[in-house]
Amino acid sequence: MPRRPASRCTACGARRDSSGRCPTCQPARTRTSGQKRADWRWVYDDKRWAPLRDQVLSEEALCRAGCGRPPTVVDHIRPHRGDEQLAFDRANLQAMCKPCHDSKTAVETGFAGHGMRRLTTTTVTLVCGPPCSGKTTYVRDRAEPGDLVVDWDALAQALGSPHPWDHPAPLTPFIAEARDAVTARLGRSHGVERAWLIATAPRNADRQRLAPAGATVVVLATDEDECVRRARQDSRPAGTIEAIESWWRIHRADQH
């Protein structure tokens with residue numbers, strides 16, 4: 001049987017070997033990628049990192065992803081990529097459990113598994129705001145058939161919550177993991193053209209954690225009094241008004 005002619009390397013034009021690799025360029029590319037990762041590792045060997053890591057883990061008792069597990073990893077909300085200011089800024093750090101941290105990393109890098117293709121075409125929009133700000137309505141009015149919609153309340157009901165808004169506390173870690181798993185899945189090849197993520201996320205750091213790289217972030221800062229009016233009109237569960245007030249209190253503080 002005739003053998004297929006050897007192809008040529010797109011980088012240097014040399015013929016590739018039987019494995020499809022160029023003997024000259026492939027090792028160079030591997031070394032370059034590894035060297036970049038090595039350039040970032042100095043942060044974790046720096047004498048400032050260990051006490052800062054201990055501080056974050058002592059200040060935050062639960063995983064910031066909302067899964068309910070105790071944290072074991074200190075995450076950079078914005079990837080530092082060797083940037084000293086981002087690496088040691090306490091405001092850029094959060095405590096997470098390893099599974100949630102791995103999911104976040106998969107979204108940031110664009111890979112949700114070994115050897116998966118990077119996602120570059122999906123339009124992702126994160127819609128945030130206090131309870132009763134109109135997030136679900138905003139997405140409903142703009143989403144088209146076939147769009148992916150990740151909504152905490154809808155996930156809660158799918159996982160067994162008997163109420164549209166008042167969800168049993170034991171379901172919280174399962175809802176959070178379902179949300180994070182779907183968000184991480186966006187980093188792998190699929191046919192979804194547009195995705196919508198709905199969350200409260202009063203802090204900029206929360207939005208950076210939840211939004212995949214390149215996502216559009218929409219903050220529905222509906223007036224606090226209007227949110228309270230809607231909560232009363234819709235007979236929202238006890239605690240909704242307090243949650244609205246808390247969102248605005250955190251959001252205002254985060255702007256300064």
Side-chain angles (χ1 to χ4, degrees), residues 33-34 36-119 122 124 126 128 148 150 152 155-156 159 170-190 195 197-215 217 250 254:
S33 176
K36 287 181 179 179
R37 289 192 295 270
D39 289 345
W40 303 340
R41 293 298 307 175
W42 69 268
V43 169
Y44 307 104
D45 295 327
D46 190 283
K47 63 181 181 180
R48 291 169 290 178
W49 176 249
L52 188 56
R53 177 184 181 277
D54 291 344
Q55 176 188 346
V56 175
L57 291 175
S58 66
E59 291 176 349
E60 301 181 8
L62 296 175
C63 174
R64 284 283 294 277
C67 69
R69 288 186 290 244
T72 57
V73 179
V74 172
D75 170 68
H76 288 88
I77 298 169
R78 290 181 59 194
H80 63 81
R81 302 288 192 266
D83 184 297
E84 184 173 5
Q85 184 173 356
L86 288 175
F88 300 107
D89 180 3
R90 174 62 182 89
N92 191 42
L93 300 176
Q94 62 183 351
M96 300 182 75
C97 68
K98 190 175 186 304
C100 289
H101 179 262
D102 289 348
S103 295
K104 176 177 178 289
T105 300
V107 172
E108 290 172 347
T109 59
F111 294 87
H114 300 293
M116 298 298 181
R117 285 197 300 119
R118 185 176 179 86
L119 176 68
T122 301
V124 181
L126 173 65
C128 310
L148 176 69
V150 183
W152 181 276
L155 284 172
L159 294 173
L171 291 182
T172 297
F174 296 93
I175 303 167
E177 287 194 36
R179 177 201 61 196
D180 293 343
V182 173
T183 304
R185 181 62 179 82
L186 286 170
R188 294 164 53 190
S189 179
H190 56 74
L197 313 179
I198 301 175
T200 52
R203 301 180 185 88
N204 184 52
D206 299 329
R207 297 188 284 274
Q208 290 182 355
R209 174 175 58 82
L210 291 170
V217 177
I250 295 170
D254 191 58

For this session: Test side-chain contact (heavy atoms from CB on, under 4.5 Å) on Val182 and Leu148 and set out the steps.
Result: CA-CA 9 Å; Val182 173; Leu148 176 69; 3.9 Å; yes
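Ring-plane geometry between Trp49 and His76 is classed as parallel, the angle between the planes falling under 30 degrees on a 0 to 90 degree scale with a further cut at 60.
Summarising the local packing, CZ of Phe174 is surrounded by 12 or fewer heavy atoms from other residues, nucleotides or ligands at distances under 6.0 Å.
No donor-acceptor pair closer than 3.5 Å links the side chain of Asn204 to the backbone N or O of Asp254. Within the 3.5 Å criterion, the main-chain N or O of Leu93 finds a donor-acceptor partner in the side chain of Arg90. Listed for the Asp75 side chain is no donor-acceptor partner under 3.5 Å among the backbone atoms of His101. Panel note: side chain Asp180, backbone Cys100; no donor-acceptor pair is recorded below 3.5 Å. Side-chain N or O atoms of Arg69 include none that pairs as donor or acceptor with a backbone N or O of Leu62 at under 3.5 Å. Side-chain atoms of Glu60 come within 3.5 Å of backbone N or O of Ala95 as a donor-acceptor pair.
Taking all atoms of both residues into account, the shortest heavy-atom contact from Leu86 to Pro79 is CD1-O, 3.8 Å. For the residue pair Pro170 and Pro173, the shortest heavy atom distance occurs at O-CD, 3.5 Å. For Leu126 against Arg207, the heavy-atom pair with the smallest separation is CD2-O, 3.6 Å. Minimum interatomic distance between Cys128 and Ala201 (heavy atoms only, all atoms of both residues): SG-CB, 3.8 Å.
Between Pro71 and Met96, the closest side-chain pair of non-hydrogen atoms is not below 4.5 Å.
A side chain to side chain contact (heavy atoms under 4.5 Å, CB included) with Leu155 is found for exactly one of Ile198, Ile175, Leu171, namely Ile175.
The CG atom of Leu159 sits 10.5 Å away from atom CD of Glu177, with the distance rounded to the nearest 0.5 Å. Expressed to the nearest 0.5 Å, how far CZ of Arg179 lies from CG of Leu210 amounts to 5.0 Å. Distance check: Ile77 CD1 to Asp206 CG gives 7.5 Å after rounding to the nearest 0.5 Å. If you take CZ on Arg48 and CD on Glu84, they are separated by 4.0 Å, rounding to the nearest 0.5 Å. Rounded to the nearest 0.5 angstrom, Gln94 CD and Leu57 CG are separated by 11.5 Å. Within the model, atoms CG of Asn92 and CZ of Arg78 stand 7.0 Å from one another, a figure rounded to the nearest 0.5 Å.
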